[in-house]
Amino acid sequence: MPKDVTTQWDFDDLFYEPSPKPAPHPVEAPAQDEAAPTQSGKSSPPPNPVQPGAGRKILSVSELTANLRQLFERQIGFVWVTGEITNFRLQTSGHIYFTLKDANAQLSCVLFRGELIPNRDLLEDGQKVLLQGQMTIYEVRGQYQLRVTAVELQGIGALQIAFDRLKQKLQAEGLFAAERKRALPKYPQFIGIVTSPSGAAIRDVLHVIERRQPGLEILLASCRVQGAGAAEEIACAIQLLNDWSNSTAGNKIDLILVTRGGGSLEDLWAFNEEVVARAIFNSKLPVVSAVGHEIDFTISDFVADLRAATPSAAAELITEGAFASRKYVAETADYMHLMVTRRVREDTEALEQLADRLERVHPRRFLEDKSQHLDDLNESLCRCLKHGYRHAYNAWLNLERRLYRARPSQGMSLRSQMLKQLDRRLHEQARVVLKEPRAALATLSARLRLLSPENVLARGYSITTDATSGKIIRAAEEAKPNQDLKIKLHKGGLKVKVQ
């Protein structure tokens, strides 16, 4: 009968040997000279040899190993064990073999393809893990091993490893490429927001938009932002905004803001899911990602067209164009005054240059030059007459004949007519040259009158100022109850009190 099992290391009757039965034939004692010496120096007879089948339980290697396997699985069963993975091998069959070790021992482990555990793909050499499995023996090699049924990662953690692997995968596919990222519209009028309607992120975004661009229209696609199924809801919300923008004939969404407040890596994990990354990548509308705090980075931040540190920062980036234009509009009046002053100065300089040019080409200058030249000719003629008189009479007669042929009186008449024609042409040219500057001057004068504040007041407008400081009131929000105001009209003015 086998003995009773009291501990898990009691191997039942596997190694139980019954007491030897007497041999069927007597065995003679060995000779004294063949006996082996004992520790006391005396020789003792050798043990009696036991013949096969003489009361012994004979097991084959297969039977022994099978019994040991049953013993392991029954006595030890399922256990939890921790250690570091080494000799990691993934076979083509899908089974995973590795060794779990610590400082003093090692244990062979096998993870079969049929075991669908969450962290199966995260196993690698050097990873510290906590395993649950069943102790068993692989009979072919007679090797005891742990058949793994559950894995819990230790050290860096499963979420961080999954984050790094998904990041590498999507980056290799080009989802993070800078050349595919689109620029945001400078003046968005209609945006879609994907977030929880009860979170702090939507309140921060609305507060910033109300302060910087109150006229911005918002369409909220509400969804959960953490927990099981949150990633699918975020992806569906992004696709829903794209479909709505494409289906409507009127208001088109300019961009989509995907946001939520801060939290731990587990809280933000929905934005690290591949389904959310794919939805952002496939979005026809530009996407801004603002998840967590400034130090938090998620997969959605890398895929989005623009990443903002916080939800408030995202709202400021979206409204930056409209907010900056308010300052530009406020400075437009001063800029217009500067441009008009500059234009008047430039036209004045051009008019002065034209006056200088007219002075240089004035007919009086031309006549003065001609008169001086005529005086020179007259003196030369007198000298020629004096010198010619001294010559022979024939030379004088020759000059007289030449002078008669030339008919100085007729030549002077032609010159006089030519001079009159030139004088008339010069006057006409002067009128043509001055006509365009005079028209430009009249146009500028008319424009200046149109831009005059008095002319604006004459059309029915008024200027409202603070009665105490004289500051111009441009919006109703700037006035306070019971505040004294002055209203300047085209003729006269009014003093009013805000009710």
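In this text, all values refer to a predicted model and were calculated from it rather than measured experimentally.
The heavy-atom pair separating S108 from Y144 by the smallest distance is CB-O, 4.1 Å.
Looking at heavy atoms from C-beta onward, L123 lies in side-chain contact with L111 at the 4.5 angstrom threshold. A 4.5 Å side-chain heavy-atom check between K181 and L306 finds every atom pair outside the cut-off. Considering only heavy atoms from C-beta on, R120 comes within 4.5 Å of I96 through its side chain. In this structure, the side chains of L257 and T195 stay at 4.5 Å or more apart for every pair of heavy atoms.
For the atom pair CZ of F302 and NZ of K167, the computed distance is 3.5 Å after rounding to the nearest 0.5 Å. Residue I463 holds its CD1 atom at 10.0 Å from CG of L489, rounded to the nearest 0.5 Å. For the atom pair F271 CZ and I299 CD1, the distance stands at 13.0 Å (nearest 0.5 Å). The structure places CG of D347 at 10.5 Å from OG1 of T443, a figure rounded to the nearest 0.5 Å.
Judged purely by atom type and a 3.5 angstrom limit, D125 uses its side chain to pair as donor or acceptor with the backbone of N87. Distance alone, capped at 3.5 Å, is enough to place a donor-acceptor pair between the E233 side chain and the R224 backbone. Side-chain atoms of K252 come within 3.5 Å of backbone atoms of S245 as a donor-acceptor pair (strictly under, hydrogens ignored). Remark: side-chain polar atoms of T82 are paired, donor with acceptor, to backbone N or O of V129 under 3.5 angstrom. Of the possible polar contacts, one joining the D254 side chain to the Q189 backbone as a donor-acceptor pair under 3.5 Å is found.
Residues E63 and K57 are not paired through a salt bridge, judged by the lack of any N-O separation under 4.0 Å between the basic side chain and the carboxylate.
The stretch residues 292-316 participates, sequence neighbours left out, in these side chain to side chain donor-acceptor pair (under 3.5 Å) pairs: R182-D305, S289-S300, S289-D301, T298-S300, T298-D301. Applying the salt bridge (Lys or Arg N to Asp or Glu O under 4.0 Å) test to residues at least two apart or on different chains, none of the pairs has a partner in residues 90-99.
By the 6.0 Å contact criterion, CD on E210 is open, its count of non-hydrogen atoms from other residues, nucleotides or ligands being 12 or less. Crowding of H337 atom NE2: a count of heavy atoms from other residues, nucleotides or ligands under 6.0 Å not exceeding 12.
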Determine, stepwise, if the pair D164 / Q168 fulfils side-chain hydrogen bond (donor to acceptor under 3.5 Å, both in side chains).
CA-CA 6 Å; D164 294 335; Q168 294 175 1; over 6 Å; no
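Between T136 and R69, the side chains place a donor N or O and an acceptor N or O closer than 3.5 Å (distance only, hydrogens not considered). Donor-acceptor pairing under 3.5 Å is lacking for the side chains of E115 and T149.
Among residues two or more places apart in sequence or in another chain, the salt bridge (Lys or Arg N to Asp or Glu O under 4.0 Å) test is passed with K284 by none.
Using bins of under 30°, 30° to 60° and over 60° for the plane-to-plane angle, the ring pair F163/W269 lands in the tilted bin.
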